[in-house]
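The structure that follows is given in the form of structure tokens.
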Amino acid sequence: MSDSSNESESAVLGEGVGAVDFGLVLVVGSSPVNRIVVSRIAEQAGFRAVCRPPDEACACLSGRLPAMVIVDGVAQGREYEPLAQRLVDLRRPVADRQAPLVVLLGKGGATTPRLCGRTVVDAVVAKPITPDRLQPVIQDMIDQLRQPGRD
């Protein structure tokens, strides 16, 4: 999938505040290096990526919503609480799923689909994060969100 194909297909569901932008991914994490690595993987998948530390992430969720939020879940401490609550408040039905989709990046064996105790996580991808592990997850989940009835 190339950047140009997604740019032209970057559909937005709804109007104005709260509309879901299928071409946008928000990457949230405490580590600037991890945010950059994950954002590059999202960009290789053909999406625009915005990176923010946990304390700035909620500000990115006030206009058009990203189709997906990828959270580096190594530290699910208090710094992630406002984001987790904002995601609970924002999620809305799109197709047969909730948007924005939430992917939690965790340590090997992490299977609990929760962020700060909230059940907003749609998928967990174990670390170490590599393009061949994360890129298909991003593409498949957003494609399913775009196309109702496809599983």
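Starting from 1, each residue takes its place in the sequence as its number.
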To the nearest 0.5 Å, tell me how far Asp122 CG sits from Leu104 CG.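 If we round to the nearest 0.5 Å, Asp122:CG and Leu104:CG are 11.0 Å apart.
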Side chains of Pro53 and Ser30, heavy atoms from C-beta outward: is any pair under 4.5 Å?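 They are not in side-chain contact.
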Are side-chain heavy atoms of Arg48 and Glu43 found at a separation under 4.5 Å?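 A side-chain contact under 4.5 Å is absent here.
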Could you point out which residue of Ser39, Pro32, Cys60 forms a side-chain contact (heavy atoms from CB on, under 4.5 Å) with Cys51?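 Exactly one pass, corresponding to Ser39.
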As an exercise, state the distance from CG of Leu134 to CZ of Arg40, rounded to the nearest 0.5 Å.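 So the CG of Leu134 and the CZ of Arg40 are separated by 14.0 Å.
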Taking the side chain as every heavy atom from C-beta outward, state whether Arg146 and Ile142 have any pair of such atoms under 4.5 Å apart.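 Of all side-chain heavy-atom pairs linking Ile142 with Arg146, at least one is under 4.5 Å.
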Below 4.0 angstrom, N of the basic side chain to O of the carboxylate: do Arg86 and Asp89 qualify?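 No, Arg86 and Asp89 are not salt-bridged.
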Exercise: identify the closest heavy-atom pair between Ala49 and Ala42: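 Looks like CB-CB, 4.2 Å.
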Once rounded to the nearest 0.5 Å, what's the spacing between atom CD1 of Ile129 and atom CG of Leu105?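 It is 4.5 Å, given to the nearest 0.5 Å.
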Flag the pair Leu65 / Asp21 as yes when at least one side-chain heavy-atom distance between them is below 4.5 Å, and no otherwise.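 Contact flag for Leu65/Asp21 side chains = no.
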Name all residues meeting the side-chain hydrogen bond (donor to acceptor under 3.5 Å, both in side chains) criterion together with Ser31; count only those two or more places apart in sequence or in a different chain, and write none if there are none.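 Counting only residues at least two positions away or on another chain, Ser31 forms no side-chain hydrogen bond (donor to acceptor under 3.5 Å, both in side chains).
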Before you tell me yes or no, could you show the steps for Gln135 and Gln139 under side chain to side chain contact (heavy atoms under 4.5 Å, CB included), namely the whole-Å CA-CA distance, both residues' side-chain angles and the distance that decides it to 0.1 Å? CA-CA 6 Å; Gln135 190 171 337; Gln139 289 173 315; 3.9 Å; yes
Do Phe47 and Leu24 come close enough that some side-chain heavy atom pair is under 4.5 Å?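 The answer is no, as the side chains (C-beta and beyond) never meet within the 4.5 Å cut-off.
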Determine, step by step, whether Lys127 and Asp72 satisfy the side chain to side chain contact (heavy atoms under 4.5 Å, CB included) criterion, reporting the C-alpha distance in whole Å, the side-chain angles of both residues, the deciding distance to 0.1 Å, and the verdict. CA-CA 10 Å; Lys127 288 187 170 186; Asp72 185 0; 2.5 Å; yes
Would you call Arg64 and Val20 a side-chain contact if the rule is heavy atoms closer than 4.5 Å?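 No; the side chains remain at least 4.5 Å from each other.
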Is any side-chain heavy atom of Ile70 closer than 4.5 Å to a side-chain heavy atom of Ile138?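 Heavy-atom side-chain distance check passes, below 4.5 Å.
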Among Val69, Val102, Val71, which residue satisfies the side-chain contact (heavy atoms from CB on, under 4.5 Å) criterion with Leu26?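 So the option named by the test is Val69.
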Would you say the side chain of Leu101 lies within less than 4.5 Å of the side chain of Leu145, judging by non-hydrogen atoms?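 A side-chain contact exists here, since the closest heavy-atom pair is under 4.5 Å.
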By salt bridge (Lys or Arg N to Asp or Glu O under 4.0 Å) - contacts of Arg133 (at least two apart):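 For Arg133, no residue satisfies salt bridge (Lys or Arg N to Asp or Glu O under 4.0 Å) once neighbours in sequence are set aside.
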Could you give me the CA-CA distance, side-chain angles and deciding distance for Val103 and Val125, then say whether side chain to side chain contact (heavy atoms under 4.5 Å, CB included) is met? CA-CA 7 Å; Val103 174; Val125 177; 3.9 Å; yes
Measuring from atom CG of Leu83 to atom CZ of Arg52, what distance do you get when rounded to the nearest 0.5 angstrom?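 Between atom CG of Leu83 and atom CZ of Arg52 there are 13.0 Å.
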Donor-acceptor check, side chain of Tyr80 to backbone of Asp55, threshold 3.5 angstrom: yes or no?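 A pair under 3.5 Å: no.
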According to the salt bridge (charged side-chain N to carboxylate O under 4.0 Å, His left out) rule, which pairs have a member within residues 24-38, sequence neighbours left out?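 Salt bridge (charged side-chain N to carboxylate O under 4.0 Å, His left out) check on residues 24-38 returns no pairs.
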